[in-house]
Amino acid sequence: MSIATRTGDDGTTALMYKRRVPKTHPRVEANGALDELNAALGVARATADDAWLRGELLAIQKQLVDVMGEMATAPADLERYARDGFTLVIPAMTARLDELVKHLEAQEISFKGWATPGATPLAAALDVARTGCRRAERRVCAVRDTGEPVNGEIVIYLNRLSDVLWLLARWVETQAGVDGQ
């Protein structure tokens with residue numbers, strides 16, 4: 001099967017279970033922002049020399065696939081989605097990020113207020129991912145604001161992930177001995 005299916009040539013795309021929607025549908029917009037976030041995390045991971053950081057970013061990327069899958073499923077199909085063995089976003093996923101926040105805050109990360117992205121290429125890549133995460137969070141909230149049900153844990157997860165990405169960028173700067181101010 002070719003990647004060029006031509007089914008989207010009419011301006012529509014498929015959610016899970018072949019439900020066709022316009023490419024401008026809020027769920028598609030949210031998933032596009034999540035996909036951009038995952039790609040930005042891939043750039044950061046490819047830039048990272050630290051094995052611990054690469055592992056953390058890869059774990060987050062894998063969780064984002066779960067987030068994208070759930071967001072790409074119409075509310076009417078969520079029960080089937082879970083029954084088919086796909087992972088729904090649950091508080092344990094956010095709890096993992098909370099533990100990462102605690103771990104990073106326990107380190108002596110140097111920051112004072114606002115940071116100016118760009119102190120190192122990796123810190124800048126993490127800040128790009130952070131801003132992409134904030135955009136994805138807004139897009140998910142926009143889906144919810146249309147009246148469509150959205151798993152509230154997704155919003156919490158993305159909010160916490162943006163905190164993690166900010167802390168990781170500052171951690172990278174601290175490890176490099178530079179000030180991101």
Side-chain angles (χ1 to χ4, degrees), residues 26-73 86-145 150-181:
R27 280 194 181 275
V28 176
E29 287 288 336
N31 251 6
L34 289 164
D35 193 24
E36 290 171 14
L37 167 58
N38 208 350
L41 287 170
V43 170
R45 185 168 54 87
T47 306
D49 291 327
D50 184 89
W52 172 82
L53 179 56
R54 283 194 315 273
E56 291 298 328
L57 293 175
L58 180 60
I60 291 166
Q61 285 183 279
K62 288 180 178 186
Q63 284 188 332
L64 278 175
V65 171
D66 295 334
V67 175
M68 288 189 285
E70 185 171 342
M71 284 305 299
T73 305
F86 293 105
T87 301
L88 297 175
V89 179
I90 59 174
M93 294 168 71
T94 303
R96 184 183 178 288
L97 295 178
D98 284 330
E99 288 303 313
L100 191 50
V101 166
K102 287 179 191 171
H103 172 75
L104 290 165
E105 287 181 338
Q107 316 235 346
E108 295 193 18
I109 298 174
S110 61
F111 64 86
K112 299 176 194 86
W114 294 99
T116 303
T120 73
L122 177 54
L126 288 164
D127 278 318
V128 169
R130 174 185 52 79
T131 61
C133 186
R134 288 290 190 202
R135 180 175 48 253
E137 181 183 6
R138 291 190 304 271
R139 295 295 175 260
V140 168
C141 288
V143 173
R144 183 186 61 197
D145 290 350
V150 170
N151 177 352
E153 195 62 35
I154 292 174
V155 176
I156 297 167
Y157 177 86
L158 293 171
N159 187 47
R160 199 73 73 255
L161 179 55
S162 65
D163 295 336
V164 165
L165 294 172
W166 189 88
L167 285 166
L168 285 172
R170 306 299 70 83
W171 179 81
V172 165
E173 292 166 351
T174 300
Q175 297 299 305
V178 296
D179 186 357
Q181 300 302 313

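In what follows, every heavy atom counts, from backbone to side chain, and hydrogens, waters and symmetry copies are set aside.
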Counting C-beta onward and ignoring hydrogens, is there a side-chain heavy-atom pair between [X] and [Y] closer than 4.5 Å?
X: V101; Y: W166; result: no
X: D127; Y: R170; result: yes
X: M68; Y: D35; result: yes
X: L165; Y: L41; result: yes
X: R160; Y: E137; result: no

Straight-line distance of [X] [atom1] to [Y] [atom2], nearest 0.5 Å:
X: M93; Y: I154; atom1: CE; atom2: CD1; value: 8.5 Å
X: I109; Y: Q175; atom1: CD1; atom2: CD; value: 8.5 Å
X: N31; Y: L37; atom1: CG; atom2: CG; value: 11.5 Å
X: R45; Y: N38; atom1: CZ; atom2: CG; value: 9.0 Å
X: I156; Y: L97; atom1: CD1; atom2: CG; value: 11.5 Å
X: L100; Y: L168; atom1: CG; atom2: CG; value: 5.5 Å

Closest non-hydrogen atom pair, [X] against [Y]:
X: A136; Y: A33; answer: CA-CB, 3.6 Å
X: L122; Y: A44; answer: CD1-O, 3.2 Å
X: P117; Y: R130; answer: CG-NH2, 4.3 Å
X: L34; Y: L64; answer: CD2-CD2, 4.2 Å
X: L53; Y: D50; answer: N-OD2, 2.8 Å
X: A40; Y: V128; answer: CB-CG1, 4.5 Å

Is there a donor-acceptor contact under 3.5 Å from the side chain of [X] to the main chain of [Y]?
X: R139; Y: P26; value: no
X: E173; Y: V178; value: no
X: Q107; Y: W171; value: no
X: R27; Y: M71; value: yes

Modelled atom types, side-chain donor and acceptor of [X] and [Y], under 3.5 Å:
X: N151; Y: E70; value: yes
X: S162; Y: R134; value: yes
X: E153; Y: T94; value: yes
X: E99; Y: H103; value: no

- Query: Between E29 and R135, does a salt bridge (Lys or Arg N to Asp or Glu O under 4.0 Å) hold up when you go through it step by step?
  - Reply: CA-CA 10 Å; E29 287 288 336; R135 180 175 48 253; over 6 Å; no

Name the one of N159, V67, L158 that satisfies side-chain contact (heavy atoms from CB on, under 4.5 Å) with V140?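 Between V140 and the candidates, side-chain contact (heavy atoms from CB on, under 4.5 Å) is satisfied uniquely by L158.
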
